[in-house]
There are 2 protein chains.
Amino acid sequence: MVASSVAAELIAVLVAVTEAAPQVLTIAEGASLPSGPLSPEHRSLQAGVRAWVERQTHHPLGYVEQLYTFADNDRNAASHADGRAISICYLGLTREQPNAKDDGATWCNWYDYFPWEDRRHGSVGDSTIVQALHAWAEAAPKPSQIRARSLRIAVAFGLEGRRWNEELVLQRYELLYEAGLVAEATRDGITCHSDTSGLGLGLPMQQDHRRILATGIARLRAKITYRPVVFELMPPMFTLLDLQRSVEALAGRLLHKQNFRRLVEQQELVEETGIMAEPTGGRPAKLFRFRADILQERAYAGTKPPLARS
Amino acid sequence: MVASSVAAELIAVLVAVTEAAPQVLTIAEGASLPSGPLSPEHRSLQAGVRAWVERQTHHPLGYVEQLYTFADNDRNAASHADGRAISICYLGLTREQPNAKDDGATWCNWYDYFPWEDRRHGSVGDSTIVQALHAWAEAAPKPSQIRARSLRIAVAFGLEGRRWNEELVLQRYELLYEAGLVAEATRDGITCHSDTSGLGLGLPMQQDHRRILATGIARLRAKITYRPVVFELMPPMFTLLDLQRSVEALAGRLLHKQNFRRLVEQQELVEETGIMAEPTGGRPAKLFRFRADILQERAYAGTKPPLARS
DNA sequence: ATCCTTATGCTCATTACCAGTATAAACAGT
DNA sequence: ACTGTTTATACTGGTAATGAGCATAAGGAT
């Protein structure tokens with residue numbers, strides 16, 4: 001009943017995939033996510049986001065879902081003096097990389113911000129990160145805290161026999177933030193107790209936008225394992241390898257080709273077009289198209305896991 | 001960047017389970033969910049919710065997560081004239097039913113609001129609902145809309161060979177709302193074209209609180225299948241049947257006893273206390289306790305599905 | 001002793017999942 | 001023409017998860 005008045009904005013994590021590279025739409029030369037006002041003329045928030053994004057990018061948004069609402073006092077430089085600033089964040093998927101650079105928006109490979117999340121070609125640089133994190137863990141005042149931190153590190157980075165979980169994007173970023181290993185942390189006044197201070201992993205963003213992006217990546221990585229949303233990122237026709245490369249780009253790891261194909265086909269999510277792809281040096285591949293008719297049903301019926309897996 | 005100023009409030013879906021009945025904390029004699037202000041003195045929203053709830057109920061909150069942020073113009077009577085009212089909703093789990101009726105808060109069985117969601121003793125009353133929904137579908141102006149509506153109905157209610165999906169709580173409520181079969185719809189000016197008008201299924205709530213509750217139930221039902229959160233609702237010691245009854249209460253359907261036990265034990269989520277439960281007419285059951293030590297790890301590591309299934 | 005009730009242990013078939021092998025279809029170079 | 005390279009596609013075996021059932025154990029009540 002008690003409703004305080006606060007400053008609120010919409011923030012969008014807009015994702016596309018081009019050539020096996022996951023892209024996110026940014027402004028301010030890659031330092032910010034696009035944000036817009038909470039316009040009262042739309043019936044729902046969702047509709048507001050969609051309208052605003054489509055007006056800016058001139059591209060239809062295939063899929064939109066709410067991501068999270070952030071309102072942390074200490075992470076948002078834009079907080080009002082009187083109240084709190086709320087960021088209502090959305091995740092949007094769009095087909096192809098739009099050429100619309102009109103208003104200073106650019107598409108950036110999201111692994112520029114999270115290099116450690118791309119493990120398609122091995123886990124390069126992990127040891128440095130883990131070392132620095134362990135230094136931070138050891139710097140905790142109480143033994144119980146040291147243990148707690150070490151456990152968090154081990155779980156997040158798949159150490160000690162655990163396996164890497166590609167959905168823990170946010171947990172990993174938050175660890176690095178708390179340990180002072182990303183630029184935003186030092187900016188926010190977090191001191192790094194280890195001598196590896198200021199590793200400055202990945203490109204920073206303004207305010208807490210990188211955290212929002214991490215949330216979006218995590219959500220999308222989780223989503224593709226149980227909802228057929230990858231197709232929102234694909235062109236009208238694609239080969240199964242194209243599709244696999246896109247999933248791999250999002251998940252940050254490679255998949256078993258044969259099993260991937262079987263999964264896709266037994267899901268009956270695609271159908272042949274009868275057209276063959278351009279030759280690329282090997283046996284030419286069939287072009288497939290997404291079965292839009294099945295989407296309606298699968299869009300919210302929890303059936304089998306549509307894609308991904310090891 | 002453009003940040004409009006809006007009215008904002010916190011809303012909590014607080015859940016407990018007593019005697020195989022899922023309970024939700026309400027105010028205004030069951031017509032509202034508890035809501036509080038967006039107090040700027042807390043570091044995060046989460047902390048704010050926790051503090052405010054614990055102060056009101058005098059009970060520790062075992063688990064809190066953000067649910068959704070609603071800001072629909074047409075569903076929220078509390079909208080400002082100038083701007084938009086935002087409801088940031090949280091889901092909270094608490095152990096046992098607190099006796100705290102201090103400030104007019106009462107615990108209500110959530111199936112009072114969603115009778116059709118409880119299928120533990122068969123699907124009573126479904127045919128009436130489905131009939132009324134089909135009447136609404138047929139009343140659509142265009143054939144394509146009729147088909148779309150029929151599909152939504154079939155998916156949501158598991159018709160035509162499909163199976164009931166207990167996580168589609170929100171979809172079912174929204175269908176009933178659109179079809180004018182719940183009291184809120186007529187209140188909001190939605191006319192019901194069929195003669196089954198005003199079925200008035202379930203108890204109504206103020207504003208869009210029933211929709212928020214539906215969202216909470218859906219989320220919780222999904223959550224228990226992949227995170228061990230049920231234990232937040234259990235007393236310190238319980239029998240495996242107690243645990244099963246709680247899961248069944250939340251899921252709204254019965255589970256296979258032996259398989260449930262196998263799942264719980266192979267997850268190593270519980271340990272024996274050595275104590276036996278009070279005799280209840282059959283062979284006495286062992287009392288178990290939740291292994292709090294395992295929680296840390298499982299809390300965010302995506303391992304095996306902890307509970308539920310058919 | 002017999003029956004009822006609940007607890008608990010075990011089996012079995014089906015299916016999902018993972019990894020590997022084998023073959024097919026194109027092209028480039030010798 | 002033959003060989004090697006690349007990519008596509010088919011098939012196979014092992015393991016684990018899942019769903020449904022049977023059987024037995026341990027208590028109380030008749």
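Convention: sequence-line order gives letters A, B, ...; per-chain numbering from 1. As the structure is a computational prediction, the values presented were derived from the model and not from experiment.
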Mark up nucleotides 5-13 of chain C, 5' to 3', with B wherever a protein heavy atom is under 4.0 angstrom from a base atom, S wherever such an atom reaches only the sugar-phosphate, and - elsewhere. BBBBBBB--

Partner residues of B:Tyr111 under the ring pair (Phe, Tyr, Trp, His ring centres under 6.0 Å) criterion, sequence neighbours left out: none

Ring pair (Phe, Tyr, Trp, His ring centres under 6.0 Å) against A:Tyr63, all qualifying residues, sequence neighbours excluded: none

Residue pairs fulfilling side-chain hydrogen bond (donor to acceptor under 3.5 Å, both in side chains) with at least one residue in residues 275-287 of chain B, sequence neighbours excluded: B:Glu272-B:Lys286

Per the ring-ring contact (aromatic ring centres under 6.0 Å, His included) rule, what does the pair list look like for residues 267-295 of chain A, sequence neighbours excluded? A:Phe231-A:Phe290

Nearest whole angstrom, please: distance from the C1' of C:dC18 to the CD of A:Gln266. 13 Å

Quick one: does A:Glu248's side chain have a donor or acceptor within less than 3.5 Å of a partner on A:Ala20's backbone? no

Could you check how far CD of A:Gln244 sits from C1' of D:dT9, rounded to whole Å? 13 Å

Starting from C1' on D:dT18, measure out to OH on B:Tyr226 and report it in whole angstrom. 20 Å

Whole-Å distance separating the NE2 atom of A:His256 from the C1' atom of D:dA8: 13 Å

What integer distance in Å separates A:Leu287:CG from D:dA8:C1'? 13 Å

What is the distance from CD of B:Glu278 to P of D:dG28, rounded to the nearest Å? 12 Å

Under the side chain to side chain contact (heavy atoms under 4.5 Å, CB included) test, which residues partner B:Asp242, sequence neighbours left out? B:Met234, B:Phe238, B:Thr239

Separation of D:dG19 atom P from B:Arg163 atom CZ, nearest Å, is 8 Å

